[in-house]
Amino acid sequence: MKYDFSAVESKWQKKWDEAHIFEAQDNTDKPKFYGLVEFPYPSGVGMHVGHIKAYSGLEVICRKRRMQGYNVLFPIGFDAFGLPTENSAIKTGIHPRQLTDRNIARFTDQLRRVGFSFDWTRTIDTTQEDYYKWTQYIFLKMFEKGLAFRDTALVNYCPHCKVVLSNEDSQGGKCDICHSEIIQKSKDVWYLRITEYADKLLEGLEHVDYLPNIKQQQVNWIGKSRGAFVNFGLTGTDEKLRIYTTRPDTLFGVTFMVIAPEHPLIAKMADRIGNMEEIQAYQTACTKKTEFERTQLVKDKTGVRIQGICGINPVSGKEIPLYIADYVMMGYGTGAIMAVPAHDERDYAFAKKFGIDIIPVIKGGDIDKEAYTGEGEMINSGFLNGLTNKADSIAKMIEYLTEHGLGEGGVQYKMKDWAFNRQRYWGEPIPIVHCPTCGMVPVPYDQLPLRLPPVTEFEPGQGGESPLARVESFVNCTCPRCGGKARRETDTMPQWAGSSWYFLRYIDPHNSHAIADMDKMRYWLPVDWYNGGMEHVTRHMIYSRFWHRFLYDIGEVPTPEPYAKRTAQGLILGPDGEKMSKSRGNVVDPNDVVREMGADVLRVYILFMGDYGAAAPWSENSMRGCKRFLERVADLPGKVSDTESPVLESALHKVIKKVSSDIEEMKFNTAIAAMMGLLNDIDDAGSLTREQLMTFVRLLCPFAPHLCEEIWEQEGGQGFCSLAPWPEFDEAKTVDETVEIAVQINGKVRGKVTLPQNADKDTALTAVRADPKLAAQLEGKTVVKEIVIPNKIINIVVR
RNA sequence: GCCGGUGUGGCGGAAUUGGCAGACGCCCGGGACUUAAAAUCCCGUGAUACGAGAGUAUCGUACCGGUUCAAGCCCGGUCACCGGCACCA
């Protein structure tokens with residue numbers, strides 16, 4: 001049969017659509033399965049084969065679940081606010097609304113052509129008013145609870161995009177969008193107090209099934225450490241200098257202190273500092289350095305001694321010099337440290353450079369050469385002397401500090417609060433009014449959504465303010481509280497806002513009274529399986545878990561965690577083995593593949609490439625192998641006969657078993673390999689029965705649904721193959737009556753024997769001796785040991 | 001530096017978790033069909049040595065060592081590459 005994939009594929013896409021077979025049911029007693037994939041950003045360049053891979057995994061799983069009788073929710077939508085569209089609007093003068101609609105239409109068309117079984121009735125677009133109304137609603141709830149607040153602080157700022165970035169958006173000191181160097185700038189910005197949820201986010205990980213590396217990355221990102229806050233005295237004042245340390249046990253070894261260049265102590269003590277000019281010069285030098293430069297010079301410590309003020313060690317009473325240095329960051333702990341050069345590498349480097357004393361307090365190592373960071377017996381440490389266990393020393397010191405009011409135990413997180421505003425047009429307006437008398441007043445809930453006003457110029461202003469600031473009719477308003485003249489907030493929310501709760505909206509996408517109906521959420525939540533990219537593990541995943549947990553705490557959602565299970569797909573690399581990118585010219589367009597090879601080939605190939613979680617290079621040749629496979633499948637109806645081969649029947653049941661379990665483990669490559677193998681078995685057998693064909697077609701259906709529907713229909717299958725019951729295997733048929741077992745002599749394979757299933761040791765050894773070749777090998781040797789592992793191996797040790 | 005991961009034929013990758021290494025696919029070689037080519041089908045295909053030959057032997061999962069009747073898998077050490085974080089006190 002000449003298989004016309006393009007006609008068959010559009011035929012079945014149309015039929016599925018008309019029969020509404022992939023739409024989730026809301027009121028049923030069926031067990032549910034909520035499969036979620038990361039919704040795409042509808043960029044102007046269209047889809048990438050990487051998108052297809054990201055969706056294909058759960059596509060197969062969801063299709064299998066439907067065949068297993070589940071009520072499946074497998075939705076898709078578009079995360080459409082954000083800079084790329086806005087930048088394109090600036091360039092072309094076309095309104096982002098139009099660009100977004102155009103891009104979404106294009107993405108939708110591409111996704112449909114691949115035959116994904118999404119529920120298209122629940123599609124969402126984060127830039128629609130009835131969607132971002134609820135994004136604003138959640139923001140206001142956070143504002144009410146004090147979790148959204150304004151503060152003046154040093155922020156990551158991209159001079160090229162003219163925008164404030166969160167920590168998560170400026171990883172590696174580069175702007176996530178344009179990759180320019182980001183700089184530190186003092187600005188009045190909005191924050192979401194995600195740090196308040198650090199412990200809950202950490203604790204929640206214990207109750208979810210994420211891949212171990214995903215969990216680990218989140219744990220590292222949150223970066224919880226335990227230690228102590230210690231208040232050091234300062235000479236000539238009652239003022240205390242508070243520091244954070246994870247090593248309070250080394251307090252007796254403190255020989256100097258360091259504060260960050262931005263530390264407020266400098267300004268406060270300016271009149272007592274003897275070398276203010278020198279210090280100010282140092283501060284200026286530091287602000288000129290980018291974050292990147294500051295972290296690059298790891299080994300080369302710089303700093304300036306603060307003249308006129310010394311620290312006082314609270315346990316020994318010793319006076320110690322105080323420095324300002326940029327190896328201490330204002331953003332972590334208290335921005336001030338106690339330095340123990342004997343037992344900390346950075347302090348050691350600094351002490352060596354500035355000629356500061358190094359006093360060991362832990363025995364071990366050679367402090368003439370390097371800092372000793374290991375454990376050992378405490379020395380030179382007053383009441384800690386003689387202790388050998390680090391945890392004991394820490395506990396005893398914290399107890400001492402607490403008793404004497406010198407400090408206390410505490411924890412710190414690397415994660416920082418989420419800088420939440422952007423000086424841009426294409427985002428959700430922050431629904432806050434600035435009133436000269438009432439201060440910051442939330443827009444009342446019944447006035448949501450606060451709509452984006454129409455504008456024609458999308459460039460940020462000269463001072464880096466949002467384009468919204470130029471729209472007088474938007475900015476000028478009355479205070480909802482006092483009715484007086486007020487000004488609206490003109491900043492918008494960051495890209496990550498809309499995606500922080502989208503999985504809730506799929507449950508009830510048209511609800512105009514709530515985020516989603518509570519009963520529906522009780523049925524559908526949590527998301528059973530969420531798949532996406534590793535690049536979102538420390539951003540979107542943390543943000544959305546934070547929002548969800550917050551919504552749970554205020555009773556708006558029924559579960560503390562949004563996602564029960566999370567997996568990640570690996571990248572598709574270009575044919576050259578490099579990451580696909582426009583500049584390298586190695587990008588593969590899924591459209592081309594669908595046109596030339598068909599959607600089924602694309603789907604099967606992407607899953608056959610290799611381990612789903614690993615990166616793999618694209619190979620046109622390898623894909624042709626998949627095309628051959630499907631063409632041979634298309635020829636199967638011609639091989640149907642009534643004669644049944646028991647060998648084939650057994651092979652079929654083994655494959656049902658393997659494909660069923662491989663899909664659950666996302667081992668799609670071996671599932672497909674098993675089906676290819678079965679096809680070879682069919683050729684060996686010469687024919688297969690109609691029933692066997694129908695079973696095979698159902699197994700392959702989640703991978704290559706168009707072809708399978710076509711065969712299913714041709715061969716008189718009932719209804720849609722996509723909804724036919726998932727094949728069951730007969731365990732008895734997967735087990736062969738006899739097994740061929742390798743026989744080793746001294747660990748080397750010397751022959752094979754065929755034995756009944758689970759044959760005992762005697763039977764096995766008798767068979768070995770009955771084999772002339774093996775018997776000859778054993779001739780004249782002394783048998784030392786005979787190892788028989790039923791159905792696996794026989795090993796005879798001889799001398 | 002820290003955390004995580006990977007290392008297997010010419011290539012993508014398998015290996016029931018300690019039991020015949022290289023499934024499946026690609027590439028390549030040979031053959032069939034064809035005027036010819038493409039497509040398709042069949043056979044072969046880790047390396048080396050011996051053999052005319054079916055075959056036989058040795059070596060082989062980054063490297064060194066160990067445990068075990070048996071190691072790609074476990075343990076100790078080394079190297080390389082990839083991803084994330086990075087002066088986090």
Q. Out of B:rC87, B:rG25, B:rA89, which has the shortest distance to the side chain of A:Asn680?
A. B:rG25
Q | Distance, P atom - from B:rC82 to B:rA89, rounded to whole angstrom | A | 28 Å
Q: Please identify each residue that fulfils ring pair (Phe, Tyr, Trp, His ring centres under 6.0 Å) with A:Tyr612, with sequence neighbours left out.
A: A:Phe668
(Q) Reading 5' to 3' and counting Watson-Crick or G-U wobble pairs with both distances under 3.5 Å, write the dot-bracket notation for RNA chain B, | for bases paired outside the strand. (A) (((((((..(((......[....))).(((((.......))))).(((((....)))))..(((((..]....))))))))))))....
Q. Under a 90° cut-off about 0 for the syn range, is B:rG77 syn or anti?
A. anti
**Q.** B:rU58 and B:rC24, which share atom name P, separated by this distance in whole Å
**A.** 26 Å
Q) B:rA70 P sits how many Å from A:Asn746 CG, rounded? A) 9 Å
Q. Touch check for A:Lys224, heavy atoms < 4.0 angstrom, all strands: base, sugar-phosphate only, or nothing?
A. nothing
Name the pairs: protein N/O against N/O of nucleotides 2-6 of chain B, kept only if under 3.5 Å.
{"unit_1": "B:rC3", "atom_1": "O2'", "unit_2": "A:Asn220", "atom_2": "ND2", "d": "3.0"}

Q: Name the residue closer to the 5' end of RNA chain B, choosing between A:Arg750 and A:Tyr413 according to the nucleotide with the nearest heavy atom.
A: A:Arg750
Q. Distance check: side-chain N/O of A:Tyr332 vs OP1/OP2 of B:rA89, anything under 4.0 Å?
A. yes
Q. For A:Ser619, which contact category applies under a 4.0 Å heavy-atom criterion: base, sugar-phosphate, or nothing?
A. nothing
Q) Quantified in whole Å, what is the C1' atom distance between nucleotide B:rG60 and nucleotide B:rU48? A) 10 Å
Q: Check RNA chain B against residues 671-679 of chain A and give the residues with a non-hydrogen atom under 4.0 Å, in numerical order.
A: A:Ala673, A:Met676
Q. CZ of A:Arg750 to NZ of A:Lys748: how many Å apart, nearest 0.5 Å?
A. 6.0 Å
Q. Judged by modelled atom types alone, do A:Glu38 and A:His536 share a side-chain donor-acceptor pair under 3.5 Å?
A. yes
Q.
In whole Å, measure the gap between the C1' atoms of B:rC33 and B:rC42 for me.
A. 11 Å
**Q.** Counterpart residues, ring pair (Phe, Tyr, Trp, His ring centres under 6.0 Å), relative to A:Phe256 (two or more places apart)
**A.** A:Tyr323, A:Phe350
Q: Under the side chain to side chain donor-acceptor pair (under 3.5 Å) rule, collect the residues that match up with A:Arg247, sequence neighbours excluded.
A: A:Asp249
Could you list, one pair per line, each protein nitrogen or oxygen that sits under 3.5 Å from a nitrogen or oxygen of nucleotides 28-32 of chain B, together with the distance?
none

Q. Rounded to the Å, how far apart are A:Glu535 CD and B:rG84 P?
A. 10 Å
Q. How close or far is atom C1' of B:rC81 from atom NZ of A:Lys579, stated in whole angstroms?
A. 17 Å
Q. How would you list, by chain and number, every residue that makes a ring pair (Phe, Tyr, Trp, His ring centres under 6.0 Å) with A:His653, sequence neighbours excluded?
A. none
Q.
Generate the contact string for nucleotides 9-22 of chain B. Rules: B means base contact, S means sugar-phosphate contact only, - means no protein heavy atom under 4.0 Å.
A. ---BSSS---BB--
Q.
Holding to salt bridge (Lys or Arg N to Asp or Glu O under 4.0 Å), I want the full list of residues that pass it with A:Glu375, two or more places apart in sequence or in another chain.
A. none
Name the pairs: protein N/O against N/O of nucleotides 37-44 of chain B, kept only if under 3.5 Å.
{"unit_1": "B:rU40", "atom_1": "OP1", "unit_2": "A:Arg628", "atom_2": "NE", "d": "3.2"}

Q | ring pair (Phe, Tyr, Trp, His ring centres under 6.0 Å) partners for A:Tyr210, two or more places apart | A | none
Q) If you measure only the distance, is there a donor-acceptor pair under 3.5 Å linking the side chains of A:Asp635 and A:Tyr3? A) no
Q) Hey, what do you get for CG (A:Asp347) to NZ (A:Lys301), rounding to the nearest 0.5 Å? A) 8.5 Å
Q | Nearest-Å distance for atom pair CZ/C1', residues A:Phe668 and B:rC24 | A | 17 Å
Q | Rounded distance in Å - CZ (A:Arg242) to C1' (B:rA89) | A | 15 Å
Q: Check the distance between B:rA89's C1' and A:Ile320's CD1 and give it to me in whole angstrom.
A: 14 Å
(Q) Applying a 4.0 Å non-hydrogen cut-off, can you work out what A:Asp347 is touching in the nucleic acid: base, sugar-phosphate, or nothing? (A) nothing
(Q) Please report the distance separating the P of B:rC27 from the corresponding atom of B:rG22, rounded so that it comes out in whole Å. (A) 22 Å
